[in-house]
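Below is one structure, written out as structure tokens, with a few remarks after it.
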Amino acid sequence: MTASKKTIAKRVPMPNQPPDVRRNNFDEVALGYTKEMAMEEAKRCLQCKKPKCVKGCPVEVPIPDFIAHLAKGDVEKAYAVIKSTNSLPAVCGRVCPQEIQCEGACILNAKEQPVAIGRLERFTADEYMHMDACDLITAKPECPYIDQDRKVACIGSGPSSLTVAGYLAARGCKVTVFEALHEVGGVLVYGIPEFRLPKEKIVAKEVGALKELEVEFVTNYVGGKTFNIEDLFEQGYKAVFVGVGAGLPKFLRIPGENFNGVFSANEYLTRVNLGRAYEFPNYDTPIIKGRKVTVYGGGNVAMDAARTAQRLGAESVHIVYRRTADAMPARHEEIEHAVEEGIHLEVLSNPIEFRGDERGNLTSVLLQRMELGEPDASGRRSPKPVEGDVYELETDLAVIAVGTNPNPVLLENEPGLKLNKWGYIEVDEATGETSIPNVYAGGDIVTGAATVILAMGAGRRAAKEIAHRFGIED
Amino acid sequence: MANTILKKEQLIPGQTSKLVIDAPHIAAKAQPGNFIILRVNEKGERIPLTIADTDRENGTITIVYLVLGKSTALLEELNEGDDILDLCGPLGKATHIQKGGTVICVGGGTGIAAMHHIAKGHHMAGNHVVAVIGARNKDLLLFEKELKSFCPEVLISTDDGSYGHKGLVTELLKDRLEKDKSVVEVVAVGPVPMMAAVSKTTEPFGVPTTVSLNSIMVDGVGMCGACRVTVGGQTKFACVDGPEFDGHKVDFQELRQRLAAFSPMEKESYDHHCRCKCNDSK
Ligand SMILES: Cc1cc2nc3c(=O)[nH]c(=O)nc-3n(C[C@H](O)[C@H](O)[C@H](O)COP(=O)(O)OP(=O)(O)OC[C@H]3O[C@@H](n4cnc5c(N)ncnc54)[C@H](O)[C@@H]3O)c2cc1C
Ligand SMILES: Cc1cc2nc3c(=O)[nH]c(=O)nc-3n(C[C@H](O)[C@H](O)[C@H](O)COP(=O)(O)OP(=O)(O)OC[C@H]3O[C@@H](n4cnc5c(N)ncnc54)[C@H](O)[C@@H]3O)c2cc1C
Ligand code: SF4
Ligand code: FES
């Protein structure tokens, strides 16, 4: 076959639950490709000699290689290729912002639709889920011998720690993960909702696979409170990875923010996801089911909160954002899905005050209309208030999703850890090591709220260094 | 990490109980002022309870709880030998304890048990501790014996006068502050109106006053912001910045309103629990 300038087929669409059905349930929205669909999509890839997509991927998955296997229908080989650099592909295929990473960089993106790399990654990982656990982590059929003296501790059980655990356990280290909450997985369990990332099917499976490799999970153990880093070294741990994630939610700092009915997204989503409040009163954690819901912010967290409120039966959900929709940092797919589900984007609008009744319950919000100003030096047009244009919107549930500050619990009690000027942990760029020798850190506690894949990348960097110091890797 | 209940004592039958729990990892680190978060079963809610006492040698912690709604009712169903599913701690900042002179520790209702640990801390640091405790009547008074074991003075009030002074703890407190200028600090633990009243009582005397706030919590480790309270016009997070704050600066009115945020659902949850139990026993 000659490399003719053939027209590229359209992207194979992802089968989804119809919007008017899914807005009433917590089941996963995207249903996943069938093998036929995956093979068809895989064939769209040009197999570039110098693939741009790989450069766009924070952990440099050899993308064209795995896609080539898929195009031939060889899922097993495709899986082994992905697994060589990415330890949680079923998660990443679902939640990575592909449009600014691999798919954004894909050569086809310039003129056509890029290869649906994320969907192919997800398909490959899901297909492989039935294989046994050691396979799942090492992509090798047999489990490694675990050396009980090579003890490594991870604090926090989010994607960064899970990556450290997977990488080192696969190389024979004895890893223990200490988690403050009663469930393992970090934001993957208490933040990202079930309808985007199924907990039993995906997260629990990945965690279960780690348990097969003798990774021990200790829940209800709080670094800085129940134990200190020093205690771990005394107990014979040779290296410690700190992956405690982002912390206290930021609020808007406007009047009325402590009325009942105003939640941080963290609280709202934690009640629903970790506390299973969507099954209240069968489960005991309560949640206020808003009638007229407003959500503040434009990221993934805001989308998740809005869509959760929709599923809990809200009459209307408004996402209030001070810029325009195209400036929203959320994954494009999430914004699209939210709009399809009937969520209203109240853009160019900024909250200035919450109002409540005499019992302290939220009743409405005052919003300031915004407009885009002249482009600044960077060419970006920043929003500014439209003089005198203030309006009121009825709301009985407001969810604030405007970011987080570093979590103080561990940091306050580990004064030896050097912090950067934003209050996050400072690490060596090459190794992930902190100011305390053999203590590493990564994920949101180093970068501030970021992404799953960046947290995993950081975990991998630290794990490699730990393996190197153990002398089990160059 | 079995979190086994070693000892259970009904202090006020059907209403308030004390549990001694095997939790060496928590006992080893617990300080006065700290609390734990527990969950009774797989579908349970995370609820915070103060550590009322610790025994490092035996590796135990003591909690005292008032049976109020579903979660505490479920806890009350557990017996000696049972395990608590999830037990996490010690959480919150420890009480700031300095040697300085006379410290008055005021406790009301179940708060007396929580106050006990703080009073003990002050005693160990060498302070002269005056305990002031109150309840509606004599039968509802907790921890009198425990406090008397180390406090040189224990002042008692009951609403109905069945024991000690007839009236409110704040009356005893005011009286004492008027007579005794050596008081360097007042600590109050109890229902919100009582802590508000104590703070108001001490204000004219200019005596630093510490209150332990019981705002609604979810994670208890500084992640969700549910526990926020306004102190001196600023938002603080009770689980990580507290639970103890300067009583003269706390917005008690807001705290009271926020504590009622879920009341309709709490009632629903409790009714649901009772209905299920009735069906089970049929
Ligand atoms: C609602 C929501 C939606 C998101 N959507 C996306 C998305 O679509 N795509 C994407 O890429 N990213 C998304 N993110 C961001 C992503 O989830 C995070 O960047 C990522 O999870 C960070 O991983 P981490 O390893 O740093 O730790 P986290 O996942 O934050 O986990 C940290 C863990 O440490 C525990 N911990 C904290 N303190 C202690 C302590 N002292 N001792 C012991 N344990 C402790 C915490 O309880 C938690 O379990 C989303 C985040 C949220 C909140
Ligand atoms: C730091 C702290 C220490 C505490 N120490 C003690 C103690 O030593 N002994 C004791 O009896 N009680 C203590 N409490 C209060 C105790 O947590 C609540 O009584 C308990 O959660 C009630 O749960 P429930 O399901 O039985 O009642 P519900 O019917 O759910 O609630 C009854 C009332 O308890 C409060 N409450 C409900 N859920 C929570 C929650 N998740 N967190 C905090 N408060 C809640 C609300 O004001 C509510 O109106 C403490 C609270 C805090 C924050
Ligand atoms: S850039 Fe796009 S077309 Fe090229 S190899 Fe990567 S996925 Fe295939
Ligand atoms: S209880 Fe969640 S931040 Fe305090």
B/Arg228-A/Asn258 side chain donor-acceptor pair, cut-off 3.5 Å: yes

Would you say A/Asn228 and B/Lys29 are linked by a side-chain donor-acceptor pair, where the criterion is simply a distance under 3.5 Å?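 Distance-only check passes for B/Lys29 and A/Asn228.
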
When [options] are compared by non-hydrogen pairs under 4.5 Å with chain A, the top option:
options	value
B/Gly225, B/Gly222, B/Ala30	B/Gly222
B/Gly92, B/Ala260, B/Ala28	B/Gly92
B/Ala261, B/Ser71, B/Pro264	B/Ala261
B/Lys93, B/Arg256, B/Gln253, B/Glu42	B/Lys93
B/Glu268, B/Glu254, B/Arg39	B/Arg39
B/Asp219, B/Ile26, B/Leu87, B/Leu91	B/Leu87

Per-residue contact mode, [X] against chain B (heavy atom under 4.5 angstrom):
X	answer
A/Thr226	both
A/Pro249	both
A/Glu183	neither
A/Phe251	side chain
A/Leu269	neither
A/Tyr268	neither

Where the side chain of [X] meets the backbone of [Y], is there a donor-acceptor pair that is under 3.5 Å apart?
X	Y	result
A/Asn407	B/Val221	yes
A/Glu267	B/Met223	no
A/Ser264	B/Cys224	yes

Among [options], single out the residue with the greatest number of heavy-atom pairs under 4.5 Å to chain B.
options	result
A/Arg359, A/Arg271, A/Arg276	A/Arg271
A/Asn282, A/Asn405, A/Ile400, A/Asn361	A/Asn282
A/Leu274, A/Val262, A/Leu410	A/Val262

Count the heavy atoms of every other residue, nucleotide or ligand shown that sit under 6.0 Å from [atom1] of [X], and state whether that count exceeds 12.
X	atom1	answer
B/Lys267	NZ	no
A/Glu230	CD	no
B/Lys8	NZ	yes
B/Glu57	CD	no

Looking at CG of A/Asn220 and CG of B/Leu85, how far apart are the two atoms once the value is rounded to the nearest 0.5 Å?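 If we round to the nearest 0.5 Å, A/Asn220:CG and B/Leu85:CG are 8.0 Å apart.
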
Can you tell me how far the OG atom of B/Ser263 sits from the CG atom of A/Asn260, to the nearest 0.5 Å?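 So the gap between those two atoms works out to 8.0 Å.
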
Go through the steps for B/His25 and A/Tyr221 under the test side-chain contact (heavy atoms from CB on, under 4.5 Å), then give the verdict. CA-CA 9 Å; B/His25 59 295; A/Tyr221 251 60; 3.2 Å; yes

Regarding A/Asp284 and B/Arg46, does a basic nitrogen lie under 4.0 Å from an acidic carboxylate oxygen? no

A/Glu279/B/Lys43 salt bridge by N-O under 4.0 Å criterion: no

Closest non-hydrogen atoms of A/Ala180 and B/Cys88, given as atom of the first, atom of the second and distance, are O-SG, 3.6 Å

Measure across A/Gly360 and B/Gln257 and return the closest heavy-atom pair with its distance rounded to 0.1 Å.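 It is CA-OE1, 3.4 Å.
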
What part of B/Ile216 gets closer than 4.5 Å to chain A, counting heavy atoms only: side chain, backbone, both or neither? side chain

